[in-house]
Amino acid sequence: MISQAILARLDGRGRIFLGVILAALVAVPVLNMLVPVGSPFHVPTWLVSLMGKYLCFAILALALDLVWGYCGILSLGHGAFFALGGYAIGMYLMRQIGPRGVYGNPILPDFMVFLNYKELPWFWYGFDFFPFAALMVFLAPGILAFVFGWFAFRSRVTGVYLSIITQALTYALMLAFFRNDMGFGGNNGLTDFKDILGFSVQAPGTRLALFVATLLALAASYLFARAVVTSKAGKVLVAVRDAESRTRFLGFRVERYKLFVFVASAMMAGLAGALYVPQVGIINPSEFQPGNSIEVVIWVAVGGRGTLVGAAIGAILVNLAKTTFTTGALAPYWLFALGALFVLTTLLMPKGVIGTYAAWREKRREKLALAANAAATPAE
Amino acid sequence: MHLDWKTPVQLWFRAGFQALLFALFLGILAGSPAKAGPLEDAVPLFAADSFADTAKALDLVAASGAAHAGPMLEALVDRRLFVSADKKLFFKDKAGLAFDGLSGEKLAAEPAGGAMVRINNRLRGAIDTAVGRLTLQAPDPVKRRAAAEAVYKTRAPESEEALTAALKVEKVAAIKDIQQMALAAIVATAPGKADIDRLSAIEILRDRGDRDALTPLNSIPESASADVKAAAKAAAVDINQRLALWSGVQNAWYGISLGSVLLLAAIGLAITFGVMGIINMAHGEMVMIGAYTTFLIQEVIRQKYPALFDYSLAIAIPLSFLVAGLVGIAIERLVIRHLYGRPLETLLATWGISLILQQAVRTLFGPTNREVGAPAYMSGSFKVGLIDITYGRVWIVGFALVVFFAVLALLRFTPLGLQMRAVTQNRRMAASMGIRTARVDALTFGLGSGIAGLAGVALSQIDNVSPNLGQSYIIDSFMVVVFGGVGNLWGTLVAALSLGIANKFLEPFAGAVLGKIALLVFIILFIQKRPRGLFALKGRAIEQ
């Protein structure tokens, strides 16, 4: 029943996407755990973590595509929601270190001992308890997005103005988190994690489990986003994107739809950040850099705005390119390549990989149909 | 001289002559006591190697009025004054060259067996006073000024006499001022002064006092009468109030100075974003290009035409404008032209361009900071009331205003400005009237970029010239333009100055970072209230 309801919401692309996720869900653990290390089919643990990282970016891209592709809100501050989710889980991981830190303080994390904190700041209470931290992964970015969006959408800040103030938002947060007095570790951020839910974050088994969790989260995020855009509300969102004033004149409360999708998207971004931090082992204020948030936009643009699947693919493709570029002799040229990607995608491929492919297939189908017609006509 | 030495008389005469010569020779060696002056009297006192005698000796030296008395006393403090084995006084300069203690002339070689004249802390104080007295009337005004300031700080009562003497002959008003303050400080604090003198001294300190005047006012001796103490307290309160006022003035000036930097960075953006509606994320890189152009020009001048160094900025101004403007026109022709009507895509494309430009500069010039020097007329500072104002800042504020009004005039009075306004107000109508809109677009964008290049010239004087230069200004510039109201240059001026001043007034309370965060949050909230900025253009269009 449920699976049928899900399948009904999916288009061909979505089915393939979920199929690939399902295949990875089976294949990667098998290739990592069961295939012996020497075999060419063995997937080493570092690769699992790297793929896990890409998948987190894919979730973040999905979140941005939901607001940008379907509602026309170009947020240049989604990195902030991602980082907030990361900090929430990072605080949990810090509390799990317990007395194993360098200073051996059972309550205070190392950086607080170092900065002469006498007791735990109030906003760290509860983060030793995983369900609370998990809740905060969604609540922290969600509340920020709600407050910000409530003000912004109600007073009809739209278009580039919204983009600029979202950028100012993440910039302000970056400055704030860089301060040592904020109680979030200053410019060193949070790191040296030991355990998550009692398992060592370094252990291959935990890394595989985190990868699997990320895959499942990606699938869930995709299904959620798909459910939103295929619902009636999703139709209104697209209407807002294409003609906001007209939608308002038709009687829809535009700001409510926008606020809903903005908060939902921020929470997805927070989830992505929360899965990212245990896999890379650090979270610091540079995640708030405005440049990071703009990079997310290019992932979505490369994959194809307003396609969901495209956003995820774009995130993986661009990051794959980034890893390849920045680890080799080509490292100095990565920024040239990234910059060119921005320019060329917007100029030549405004619909992204997915959109361009779909347009090409459409054209070919038409051509084939024309050819078939042409072949059929003389016979008559 | 060939005398015929044969007769006894002649022989006697010869012996006498030789004795005379010998005596003369001895006399020269002994330092001709016949011409004894204070310096000569000081030599045996120095040689005695007792602190009491040394004190007397240094008084003699100070009173001698010899031109080298100052350097010699300094040498005494630095333990560079010696008495040689044959009781001759000499001192060495910092480079180790020996000078004669009596004549002050340079000696060919260091005399043998020099014993250092030793000093203790009490002597050190006495020497400082003596040096102060000596230099109070030095021919060099810089030295006189420094001496007067030193007396003002130490308030040594023994300087009073010398100070009064110096005050009588002083011609330079500024130095006379300091001397009067120093005298007042001494009279106010020295023991055994009459109340009436103390009161008038306190009045002088109060009337012209700065932070340094607080110390003498707070160290009135216990023996002074209650009236004097009350007057000193009241004067201190007065001075503190004045200081608070001046620190406000200083903050305002710093704010104006920061605001003019923001203004320079934002004027170009006000044209590309405000007038054309293009989100140019590469705007900061145009500023960076301007700064690097300045750097290159200075390098060429340094190596080829060092005489022109003072004109380097004057040369850099037109060239930076041209270079940044041409880069801007190229960007408009190649990229932005294809994206009109799609502001969000423009944002992404120009961000990509900014990454490319940054990396290109990093590849060409390296990632480290480059140094751009300041011409002579831009270094140094002057005093207004109690604050120091550097010439560099004054030039930048002036430059920002000149650029601002030049742009305003260009838009208002030139044919190009007319066409720009026509195209932005109604593109199709303008095209129908025969305006080549594509050309106007390119020129407008080039103008905005060129002005960013001008900002780069100014920023090269106060900021690090590095590939990240533009990045640090882009968000601030957007904030200024959005806050001021898009499409309104006056709004940009008001916004830049008010943000700059607000920033500097917040800094003492909240610290630099928190102040900046507070301003960002304020602007974010402000835009909710007035989404089109301070001075929004009135119109009835529902969507831009």
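None of these values were measured; they are calculated from a predicted model. In what follows, chains carry the letters A, B, and so on, assigned in the order in which the sequence lines appear, proteins first and then strands, with residues in each chain numbered from 1.
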Checking [X] against chain A: side chain, backbone, both or neither under 4.5 Å from a heavy atom?
X      : value
B/I279 : side chain
B/L347 : side chain
B/A360 : both
B/L334 : backbone

(request) Please check if any side-chain donor atom of B/S466 sits under 3.5 Å from a side-chain acceptor atom of B/N468, or the reverse. (result) no
When heavy-atom pairs shorter than 4.5 Å are enumerated against chain A, which of [options] gives the highest number?
options                : answer
B/Q358, B/H338, B/E345 : B/E345
B/L339, B/I353, B/I356 : B/I356
B/L514, B/I474, B/L357 : B/L514

(request) Can you establish whether the number of heavy atoms outside B/Y254 located under 6.0 Å from its atom OH is more than 12? (result) no
(request) Count the heavy atoms belonging to other residues, nucleotides or ligands that lie under 6.0 Å from OH of A/Y333, then report whether that count exceeds 12. (result) no
Among the listed options [options], the residue most often paired with chain B at heavy-atom distances under 4.5 Å:
options                : result
A/R156, A/R154, A/R179 : A/R179
A/A337, A/A152, A/G291 : A/A152
A/F148, A/F151, A/W334 : A/F151

Any side-chain heavy-atom pair from [X] and [Y] closer than 4.5 angstrom?
X      : Y      : value
A/L190 : A/Y87  : yes
B/M281 : A/Q167 : yes
B/V513 : A/F178 : no

(message) Using heavy-atom distances under 4.5 Å, tell me whether A/L344 contacts chain B through its side chain, its backbone, both, or neither.
(response) neither
